[in-house]
J.: 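Below you will find the structure I want to go over with you.
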Amino acid sequence: MKSKFYPKSFPWNALQLLGAVRPGAICCPEELLSQYKPFFWNDLASEYDAERLYQYLESLKLNFSDAFQAAVQLWRSDEFNHYLGFRRLYHLLYAESEDSITQRLDARPTNFAELSEIVRDEFELCLLLAYDEIATARGYRKDFALYTACGIESFNRWIRLVARDEAFHYHNFIRVVRTVHQHRLAEAAEVVERILCYDLTAKEYKATFVLDHKTKQFSEVFFVNCAKALMRSLGQTPA
Ligand SMILES: [Fe+2]
Ligand SMILES: [Fe+2]
């Protein structure tokens, strides 16, 4: 009998959590806020771009496995929840209306051409998504202190819930690899190396959700360590 794949998840509602926060209650220093403004925007934009990536995946008309589809559906709804939360947060911190934020996000061009050269099938897509999710999860964890500095308990809870979701996404895509693509594990080192190389050298984020780390927030070592952790999770020796 075929066993069903259940991705790990913990449903919650970002707008319910952040809905009661009023801008006057935020006590984060102005200097810190303006320093982090591009990083907040980057996080918000990449969460928004999950839907663009989803539409791109749909357009590929690949014969995705049931396990991959289950992981992706859950990922899609979590990322949309994150987008709504980040949009509210950005509105609260920078006094821009949510409509204006959405318009600016919509106006950015997307380009998936390079992505289609880096990953070509479900196995490689899982590795790309896993790599991206572990980098995002670790990145958000580094931001915990910043959210604490805002002095709002629900901001604290927010970033911890988001980081937990990203860690779940990571583990879910790893599980898809280990259950559906076990026979291709020996190829993982080469694919992960290719993804890492692209991430370290690409100059510009193309609004593709993945490989959105073009800010100066993280070092090269940070990404190398993410790739190594991914290989260890697959039971493989890092390159
Ligand atoms: Fe997210
Ligand atoms: Fe995620």
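Just so you know, these numbers use all the heavy atoms, side chains as well, and skip hydrogens, waters and symmetry mates. We count residues from 1, following the sequence as given. Indexing begins at 1, ligand by ligand and atom by atom, following the structure's order.
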J.: Between the main-chain N or O of F209 and the side-chain N or O of Y205, is there a donor-acceptor pair closer than 3.5 Å?
T.: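 Yes: the side chain of Y205 pairs with the backbone of F209.
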J.: Do you know which N/O/S atom name in E166 is closest to the Fe ion (ligand 2)?
T.: OE1
J.: The Fe ion (ligand 2) to D132: any N/O/S contact under 2.8 Å?
T.: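 Here the distance criterion (N, O or S atom, under 2.8 Å) is not met by D132, so no.
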J.: Is the distance between the ring centroids of W158 and Y140 under 6.0 Å?
T.: no
J.: Check all N, O or S atoms of E133 and name the one closest to the Fe ion (ligand 2).
T.: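 Considering only N, O and S atoms, E133 comes nearest to the Fe ion (ligand 2) through OE1.
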J.: Looking at L33, is its backbone amide N or carbonyl O close enough to the side chain of Y94 to form a donor-acceptor pair, meaning the two atoms are under 3.5 Å apart?
T.: yes
J.: Write the atom name of the N, O or S atom in H82 that is nearest the Fe ion (ligand 1).
T.: ND1
J.: If the cut-off is 2.8 Å, does any N/O/S atom of E79 fall short of it from the Fe ion (ligand 2)?
T.: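 It does: E79 brings an N, O or S atom closer than 2.8 Å to the Fe ion (ligand 2).
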J.: Checking R175 side chain against F5 main chain: does a donor-acceptor pair fall under 3.5 Å?
T.: no
J.: Is the distance between the Fe ion (ligand 1) and the nearest N/O/S atom of E47 smaller than 2.8 Å?
T.: yes
J.: When you measure from the Fe ion (ligand 2) to the N, O or S atoms of D165, does any of those distances fall below 2.8 Å?
T.: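 So D165 does not bind the Fe ion (ligand 2) by this criterion.
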J.: Do the ring planes of Y131 and F223 sit parallel (below 30°), tilted (30 to 60°) or perpendicular (above 60°)?
T.: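 Rings of Y131 and F223: tilted, as their planes differ by 30° to 60°.
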J.: Answer yes or no: is there a donor N or O on one side and an acceptor on the other, between the side chain of E122 and the main chain of S65, under 3.5 Å?
T.: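 Checked: pair present.
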J.: Looking at the Fe ion (ligand 1), is there an N, O or S atom belonging to H169 that lies under 2.8 Å away from it?
T.: no
